[in-house]
Peer 1: 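I'd like to ask some things about the structure below.
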Protein chains: 2
Amino acid sequence: MNFPRVGPMIDESNSTGKVTGRRAALRHVTEEKIFIAAETVFAQAGFGGATMQLIANLSGIAKPNLHYYFGSKELLYRAVLQRIFRMWLRAAEVMDDASTPAEGIGGYIDAKMEISRLNPNASKVWANEVMHGASMIQDCFKDAFFEWTSARISVIERWVAEGKMLPVNARYLLYLVWASTQHYADFGHQITILNHDTPLSDVEWETAKRSVKELVLRGIGAELNY
Amino acid sequence: MNFPRVGPMIDESNSTGKVTGRRAALRHVTEEKIFIAAETVFAQAGFGGATMQLIANLSGIAKPNLHYYFGSKELLYRAVLQRIFRMWLRAAEVMDDASTPAEGIGGYIDAKMEISRLNPNASKVWANEVMHGASMIQDCFKDAFFEWTSARISVIERWVAEGKMLPVNARYLLYLVWASTQHYADFGHQITILNHDTPLSDVEWETAKRSVKELVLRGIGAELNY
DNA sequence: ACATGTTTTGATTAATTGGTCAATGAATTT
DNA sequence: AAATTCATTGACCAATTAATCAAAACATGT
């Protein structure tokens, strides 16, 4: 395969690795605008339903310019996925620094619920990708994803070994935490319908978060102390 | 709006309400083939990414015949959604007949996990629809969905009132059960990736099911007796 | 000011796709 | 068996869409 070169001939071999100057700043701003718009459109319509024209309109950038920046619809989509993956990695850092399950898993649930609240589109794009075969994930960051998950499972299994929580299956616990937190992003519309067509209020978000956290921590025998 | 009439002039005013005869039987078989194919294609590609041609090929039916049977892509999609909704309604009957949370919620988790295992595509189509705005659900069965959920919440709240389980928020408990069971269908590909590119075996499914059930039941203070 | 490389966009294209139609085949009724 | 209604399909159309291109606008270093 012979991909066409995309974007400017930026010299990334300088000392800082950063590109500075007016032009580079503008480029960064434009890229960010495209990311936000693309995330929204991909979340609302899926990869197949999304159109470059919609992304162009929403970002206020001419359609050919999208191709200038990202080459193709698929490459743009991959870039969006990668951004999301990086955000998720950061959210799990709480678990590594924690010494108890209540702190680690509770904090992770908090972080994930916060992402669901503030970045629902990101979660939806990911969910969409996984549902439709996860082929981009396979291609791009399968290994990183696997390693990352294995490391988190080890942390949980250590807590079990240390008797800090009940001997639950760490893998399926992780899946349950992912599912029950991301649900609030991915199924936000359903939750709104069941909430009398009103998005969850701040108070309701707090209640939901506490419900998930308490149920999970009690379920693994690592109650919070109030 | 003036929708074209679709399908044959079946006389449904006879005593049984059923249509019999060779033709009606063939029609039923054809409809079923279309449903299966459509569910698969919609699950794999989403509404936007699905094409009538793909559904035609997969079902072995000429494309114009799809339109003869269902009118349009959107009407076919709605019919698929409705079929899924009916299946879900049936799964919740366990809860109504149960006298204890362990029996009711445990049985519901079993039923939902079984659906995720046997009908992953159905779950994916629903998830997809909700993620992309749930507009068809709004149009078609918003009220039915709301009523159905309210009734299940009442059942749980009665158990709480009777002291059969801890005072958890019934609504968010229901969401957690939905999320953590449907996850095994919607995120099946992700689970496979993390399982060394191997779909869950029967034993692993059993373990996953038990993990979810034990964690939830312990979390709501309604342990199973072994 | 000039030359050079970068960014932007209007116009266009080739390919795809939902939907239609007229003609044919098959079942059912009279 | 003739007439009627239902089912099926090849060929086609109008609309959409990802991607391209050439030319214009812009920024940067000399």
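Because only heavy atoms are used, hydrogens play no part in the values below, and waters and symmetry mates are left out as well, while side chains stay in.
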Peer 1: Measure from CZ on A:Phe70 to P on C:dT8 and round the result to the nearest Å.
Peer 2: 12 Å
Peer 1: Yes or no on side chain to side chain donor-acceptor pair (under 3.5 Å) for B:Tyr175 and A:Gln190, after CA distance, side-chain angles and deciding distance?
Peer 2: CA-CA 10 Å; B:Tyr175 294 169; A:Gln190 179 172 296; over 6 Å; no
Peer 1: Can you tell which of C:dG19, C:dT7, C:dT17 lies closest to the side chain of B:Thr51?
Peer 2: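 The nucleotide sitting nearest to the side chain is C:dT17.
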Peer 1: Where each residue is assigned the nucleotide of DNA chain C containing its nearest heavy atom, which of B:Lys73 and B:Leu26 is assigned the position nearer the 5′ end?
Peer 2: B:Lys73
Peer 1: To the nearest Å, how far apart are B:Asn57 CG and D:dT9 C1'?
Peer 2: 14 Å
Peer 1: B:Met52 has an atom CE; how far is it from atom C1' of D:dA15, in whole Å?
Peer 2: 16 Å
Peer 1: Send over the distance from B:Glu74 CD to C:dG19 P, rounded to a whole Å.
Peer 2: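 One finds 9 Å between P of C:dG19 and CD of B:Glu74, rounded.
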Peer 1: From CG of B:Leu54 over to C1' of C:dG18, roughly how many Å is that when rounded to an integer?
Peer 2: 13 Å
Peer 1: So, are A:Glu31 and A:Arg27 salt-bridged, with charged N and O less than 4.0 Å apart?
Peer 2: yes
Peer 1: Give me the distances for all protein-to-nucleotides 9-12 of chain C N/O pairs that come in under 3.5 Å?
Peer 2:
{"unit_1": "C:dT9", "atom_1": "OP2", "unit_2": "A:Ala62", "atom_2": "N", "d": "3.4"}

Peer 1: Between D:dT20 atom P and A:Leu75 atom CG, what is the distance in whole Å?
Peer 2: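 It is 11 Å, rounded to the nearest whole Å.
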Peer 1: Examine D:dC6: is either OP1 or OP2 under 4.0 Å from a nitrogen or oxygen in the side chain of B:Arg27? Give yes or no.
Peer 2: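 Indeed not, no polar side-chain atom of B:Arg27 lies that close.
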Peer 1: Once you apply a heavy-atom cut-off of 4.0 Å, does B:Ala56 come out as touching a base, just sugar-phosphate, or nothing?
Peer 2: nothing
Peer 1: Regarding A:Arg171 and A:Glu157, does a basic nitrogen lie under 4.0 Å from an acidic carboxylate oxygen?
Peer 2: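 No.
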Peer 1: Could you give the CD1-to-C1' distance, from B:Ile55 to C:dG19, as a whole number of Å?
Peer 2: 14 Å
Peer 1: Let's see if you can work this out: which of D:dA19, D:dT8, C:dG19 has an atom nearest to the side-chain heavy atoms of B:Thr30?
Peer 2: D:dT8
Peer 1: What is the distance, to the nearest angstrom, from the CD atom on B:Gln53 to the P atom on D:dT9?
Peer 2: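 In whole Å, D:dT9 P and B:Gln53 CD are 12 Å from each other.
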Peer 1: Below 4.5 Å, heavy atoms only, C-beta onward: do B:Leu173 and B:Ile153 meet side chain to side chain?
Peer 2: no
Peer 1: Does any part of the side chain of A:Lys112, heavy atoms only, come nearer than 4.5 Å to the side chain of A:Trp88, both counted from C-beta?
Peer 2: yes
Peer 1: As an exercise, state the distance from CD of B:Gln182 to CZ of A:Phe187, rounded to the nearest 0.5 Å.
Peer 2: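 So the CD of B:Gln182 and the CZ of A:Phe187 are separated by 5.0 Å.
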Peer 1: Any chance you could measure B:Glu114, atom CD, to B:Thr181, atom OG1, to the nearest 0.5 Å?
Peer 2: 11.5 Å
